[in-house]
Amino acid sequence: MRVKVSFYSYLKDLTGCATTAEALTNGSTLDDLFRALVVRFPKLGSMQNATLMAVGVDYQNRTYVLREGDEVSLFPPVQGG
Amino acid sequence: MKRQVTITADPINESSLLSRRVMSPGMGAVVCFLGVVRGTEGSANISGLEYEVFQRMAEHQINLLLDELAKRWPIESVRLVHRVGLVKVNEPSLWVEVVAPHRGEAFAACQWLIDELKRVVPIWKKPVMGDT
């Protein structure tokens with residue numbers, strides 16, 4: 001299956017792109033996706049514990065099981081206001 | 001509870017917002033908060049902050065917060081405006097208005113909403129260096 005991935009804030013700088021796609025085996029979790037992305041974008045590895053992940057417009061934890069076509073967003077802690 | 005959420009690159013026009021306030025006769029408190037960009041970031045002078053937003057998720061998360069706020073306090077209305085893009089020093093980036101029957105719930109709800117906004121709403125800021 002394939003999922004769409006968007007990066008925000010300085011994760012865009014670390015990866016050098018705002019969006020990408022990743023092919024994963026069925027049953028993969030957000031944690032599996034993050035590990036696959038670190039292989040492609042090694043600088044993301046330093047953000048392992050500081051990256052928030054959302055599917056669509058909702059936060060999800062790393063055990064969330066992905067589905068075909070999911071839109072995943074990765075970003076650092078938020079700073080609004 | 002009435003709500004109005006605006007995330008915009010346009011400057012926040014406080015007087016226009018105030019002129020459009022609507023409240024019923026039973027209301028006794030209006031709390032307004034204005035968040036303004038400071039001229040320093042740590043020890044460095046800055047000329048502004050560049051705000052980035054994940055707009056669709058930010059609007060959704062703010063609405064979830066307002067759902068929760070409505071369960072916690074008897075609030076009549078909340079209006080919230082968050083500016084994005086470049087916001088210069090001394091300009092407002094956030095405007096929040098809470099209308100309630102009494103000041104206690106108005107202050108508490110406003111404080112809670114801003115604290116939670118800073119915790120969960122996907123907006124980020126990057127300092128733009130230089131003196132104003």
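Protein chains get the first letters and strands the later ones, always in sequence-line order, with residue 1 at the start of each.
Heavy atoms of other residues, nucleotides or ligands lying less than 6.0 angstrom from CZ of R21(B) number more than 12. For K2(B), the NZ atom is densely surrounded, since the number of other residues' heavy atoms within 6.0 Å is greater than 12.
A donor-acceptor pair under 3.5 Å links the side-chain atoms of K118(B) to the main chain of G80(A), judged by distance alone. With E52(B) contributing its side chain and W124(B) its backbone, the two residues share no donor-acceptor pair below 3.5 Å.
Of the listed residues H60(B), R56(B), K126(B), the one with more heavy-atom pairs under 4.5 angstrom with chain A than any other is H60(B). Of the listed residues P92(B), S93(B), P122(B), the one with more heavy-atom pairs under 4.5 angstrom with chain A than any other is P122(B).
Neither the backbone nor the side chain of E59(B) comes within less than 4.5 Å of any heavy atom in chain A. Only the backbone of V53(B) comes within contact range of chain A, judged by heavy atoms closer than 4.5 Å. Of the two parts of F54(B), the backbone and the side chain both hold a non-hydrogen atom closer than 4.5 Å to a non-hydrogen atom of chain A. Heavy-atom distances place both the backbone and the side chain of P76(A) under 4.5 Å from chain B. Within the 4.5 angstrom heavy-atom criterion, no atom of L49(B) approaches chain A. Both the backbone and the side chain of I123(B) come within less than 4.5 Å of a heavy atom of chain A. Contacts between S6(A) and chain B at a heavy-atom distance below 4.5 Å are absent for every atom of the residue. For R119(B), the part lying near chain A is the backbone, with the side chain staying farther off; criterion is any non-hydrogen pair under 4.5 Å. The contact between Y59(A) and chain B is made by backbone and side chain atoms together, counting heavy-atom distances below 4.5 Å.
Checking each of N13(B), L17(B), L18(B) against S15(B) for a side-chain contact (heavy atoms from CB on, under 4.5 Å) leaves exactly one that passes, namely N13(B).
Salt-bridge annotation for D31(A) and R35(A): present, with a side-chain N of the basic residue lying under 4.0 Å from a carboxylate O of the acidic one.
By the 30° and 60° cut-offs, the orientation of the rings of F75(A) relative to Y8(A) is perpendicular.
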